[in-house]
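Note sheet for the following structure.
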Amino acid sequence: MPDSLPQTLYATFAAKIDAALGALEMEGALPPGSDRASVSVEPPRDPAHGDLSTNAAMVLAREAKTNPRALAEKIVAKLEGDPLVSSAEIVGPGFINLRLSDANWLHELSAIERLGGDYGRSARGHDRRVNIEYVSANPTGPMHMGHCRGAVVGDALAALLEFAGHQVVREYYVNDAGSQVQTLARSVHLRYREALGEAVGAIPEGLYPGDYLVPVGQALAAEFGGRYAAAPEGEWLDLFRERAVAAMMAMIRSDLALLGIVHNVFASEAELQRAGKPEAAEAWLREHDLVYDGVLEAPKGKTLEDWEAVELPLFRSTSFGDDQDRPIRKSDGSWTYFGADLAYHMQKAEGVDAMIDIWGADHAGTVKRIKAAVAALGEGGGQNGRGPIPFDVKLVQMVQLLRDGEPVKMSKRSGSFVTLADVVEEVGKDVVRFTMLTRKPEAQMEFDFAKVVEASKDNPVFYVQYAHARIRSTLRKAGAEGLGPDAGALDRLGADELALVKLAAQFPRAVEAAAEAREPHRIAFYLYDLAAGFHAFWNMGNDDPAKRIIRLEEPALTGARLFLAERVAQVIRNGLGILGVQAVEEL
RNA sequence: GCGCCCGUAGCUCAGCUGGAUAGAGCACCAGACUACGAAUCUGGGGGCCGGAGGUUCGAAUCCUUCCGGGCGCACCA
């Protein structure tokens with residue numbers, strides 16, 4: 001992505017204010033090198049306060065050894081000569097409120113047209129490579145709704161960071177080495193015997209009972225006949241595990257595809273172990289005295305009768321903020337989940353500048369140790385000589401499924417969970433994705449089937465899509481009358497239209513803020529606001545026909561309004577694109 | 001017992017990394033449809049931002065502590 005993307009209006013003015021502060025430093029009104037990190041330039045909450053507001057005078061007054069209003073006077077003096085500024089005033093404790101000339105806003109409208117699908121795209125990420133690991137569900141069955149939120153949030157975050165100028169790797173960690181996939185292999189073996197005609201009866205406790213394993217067993221029966229039916233486990237376990245995992249991953253990929261999610265990398269834990277990555281990590285950590293052989297304390301607050309003290313290789317996670325040192329190997333010498341995961345993060349860190357993991361809240365307890373591990377791997381320049389790299393774990397809270405207000409029962413044991421595929425089929429991909437993004441991820445949420453499919457303004461997905469469809473419909477209708485968008489008479493637009501322009505012009509800022517905070521849900525809320533702004537504009541035409549977009553008797557004004565409407569639709573498309581939701585032509 | 005997350009209008013939730021008089025939808029009350037798409041809109045009432053301290057020009061936002069809810073606390077994954 002080019003660095004030469006045109007600056008947004010907000011960035012332009014942030015630069016102007018920065019320049020004004022620089023000039024004041026030169027003049028000695030401000031101490032040189034003053035800290036401008038907390039200087040903000042943003043639209044005020046109340047539009048009556050102008051188009052832009054900065055707190056610069058309040059933040060810097062102390063350093064300048066003066067009071068905020070006096071400093072504000074000096075800053076305003078620098079800005080007043082600017083032709084793009086129509087007014088600058090000092091209010092309250094020292095805010096500087098700017099009003100921009102109408103030409104600025106109309107210019108922004110043209111910028112949206114010129115940039116089209118790239119409007120809002122930013123170079124702020126500086127092409128930094130970011131690895132986002134999300135979903136990473138165990139390959140033991142189809143995707144269910146428990147996985148859904150993390151999948152959507154991770155995918156939207158990936159798109160958001162890409163839009164904000166990062167190179168993104170979408171990664172899925174396949175846990176194909178632990179005991180769960182052995183259980184899977186045994187479950188498949190049972191289905192295999194069943195496919196050969198054996199009466200297997202009820203699926204025993206401890207094995208996976210789901211019907212989705214039946215075709216896997218049938219395929220193995222077709223391929224190998226009765227060869228492994230009575231064979232000892234050692235002869236078939238690895239083979240069945242590999243086949244079963246492959247089948248599960250194929251199923252998971254197709255489930256994810258229903259949501260429009262495609263990962264770039266599927267990293268296998270088994271391969272990681274075959275390649276000796278955990279050993280390499282352990283050796284390096286031992287060299288740096290970050291792994292030692294020790295004995296764990298008995299867990300507190302839990303009564304474990306069969307607790308016995310055993311010496312294990314422990315990682316010094318307490319040195320990095322964890323509550324307890326964590327074993328990387330079990331007493332039989334095999335790797336713990338954490339030991340392998342530590343090596344996995346070391347591997348991921350090799351090719352990127354930052355890492356983000358999206359986890360379910362039920363794994364919250366293991367965040368500290370993995371953060372400790374990544375920090376440790378950067379010790380003293382680090383394993384790869386690049387020091388610690390920024391690493392963030394985002395937790396998404398559980399989703400409570402409701403049907404008409406009643407909780408939907410899910411039991412993993414009986415295999416009766418609500419699959420993602422069923423839900424997508426019932427309510428649609430766009431509804432699932434948007435709904436998952438209308439709440440901040442760390443808050444618990446409810447997902448009520450009855451409510452999310454409702455086609456009314458109570459449903460944000462619908463409300464946003466309706467705005468887009470309405471605009472497209474209006475453009476079609478105008479086209480039938482021989483009218484179309486025309487930038488020739490934009491000066492005919494009045495205050496009501498400008499308010500809408502200002503809303504649309506905030507999109508680039510919304511993208512940057514959301515990317516900075518790594519919170520894709522902010523885009524969903526921004527789109528809701530923009531849609532609301534458009535609907536409000538539209539409704540003025542109900543009471544006053546002079547405010548309708550299409551005015552056959554005023555073709556020039558109609559052209560300008562259609563031009564505005566088309567730009568609003570463009571911004572909605574760009575925003576929905578980040579969220580992976582389709583912008584529909586009609587409902 | 002310990003750790004993490006959450007607590008904002010009656011309900012569901014925002015609140016732009018500390019800014020100005022805390023917002024939106026639902027619900028409630030009063031109005032508006034021979035329609036550029038009423039699948040909606042306009043106006044109104046409704047708040048100790050869980051409580052109490054602290055930090056500073058300024059706190060829903062940051063710190064401490066308590067209360068309430070959720071998740072977790074294996075050599076599991």
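A, B, ... follow the sequence lines: proteins, then strands. Residue 1 opens every chain.
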At 4.0 Å (heavy atoms only), tell me whether [X] reaches a base, stays on the sugar-phosphate, or touches nothing.
{"X": "A/S334", "value": "nothing"}
{"X": "A/Q506", "value": "nothing"}
{"X": "A/Y526", "value": "nothing"}
{"X": "A/T474", "value": "base"}
{"X": "A/A513", "value": "sugar-phosphate"}
{"X": "A/T558", "value": "nothing"}
{"X": "A/F338", "value": "nothing"}
{"X": "A/N459", "value": "nothing"}

Protein-proximity profile, nucleotides 27-32 of chain B, B/S/- by nucleotide at the 4.0 Å heavy-atom cutoff, equals ------
Practice prompt. Give a yes or no on whether the backbone of A/S268 and the side-chain of A/D176 come within a donor-acceptor separation of less than 3.5 Å.
Written response: no
State whether the side chain of A/S317 and the backbone N or O of A/Q324 hold a donor-acceptor pair below 3.5 Å, judged by distance alone.
yes
Does [X] contact [N] through a side-chain donor or acceptor facing the base, at a distance under 3.5 Å?
{"X": "A/N55", "N": "B/G19", "value": "yes"}
{"X": "A/T336", "N": "B/C75", "value": "no"}
{"X": "A/R551", "N": "B/C36", "value": "no"}

Please tabulate, one pair per line, each protein N/O and nucleotide N/O from nucleotides 8-12 of chain B that are separated by under 3.5 Å, including the distance.
residue : atom : partner : partner atom : Å
B/U12   : O2'  : A/R439  : NH1          : 3.2

Please indicate yes or no: is the ring centre of A/F95 less than 5.5 Å from the centre of the six-membered base ring of B/A20, with the two planes inclined by under 30 degrees? yes
With the six-membered base ring of B/A20 as reference, does the ring of A/H49 sit under 5.5 Å away with planes under 30° apart? yes
Sequence neighbours excluded, the answer for side-chain hydrogen bond (donor to acceptor under 3.5 Å, both in side chains) partners of A/N542 is A/N539
Sorted by chain and residue number, the side-chain hydrogen bond (donor to acceptor under 3.5 Å, both in side chains) partners of A/Y208 (sequence neighbours excluded) come out as none
Q | Mutual orientation of the aromatic rings belonging to A/F507 and A/F163 [parallel < 30°, tilted 30-60°, perpendicular > 60°] | A | tilted
**Report entry** Parallel, tilted or perpendicular: rings of A/F534 and A/F537 (30°, 60°)
**Finding:** tilted
Residues in residues 533-541 of chain A with a heavy atom under 4.0 Å of RNA chain B, by number, are A/W538, A/N539, A/G541
- Under the side chain to side chain contact (heavy atoms under 4.5 Å, CB included) criterion, do A/L30 and A/K74 qualify, and how do the steps go? CA-CA 10 Å; A/L30 272 176; A/K74 293 182 180 170; over 6 Å; no
- Item | Separation between the P atoms of B/U65 and B/G70, rounded to whole Å | 22 Å
Gap in Å between the two P atoms, one belonging to B/A9 and one to B/C49, rounded: 10 Å
Of the candidates B/C71, B/G19, B/A77, the side chain of A/D362 sits closest to B/C71
Output row for RNA chain B, stems defined as at least 3 consecutive Watson-Crick or G-U pairs under 3.5 Å, is B:1-7 with B:67-73, B:10-13 with B:23-26, B:28-32 with B:40-44, B:50-54 with B:62-66
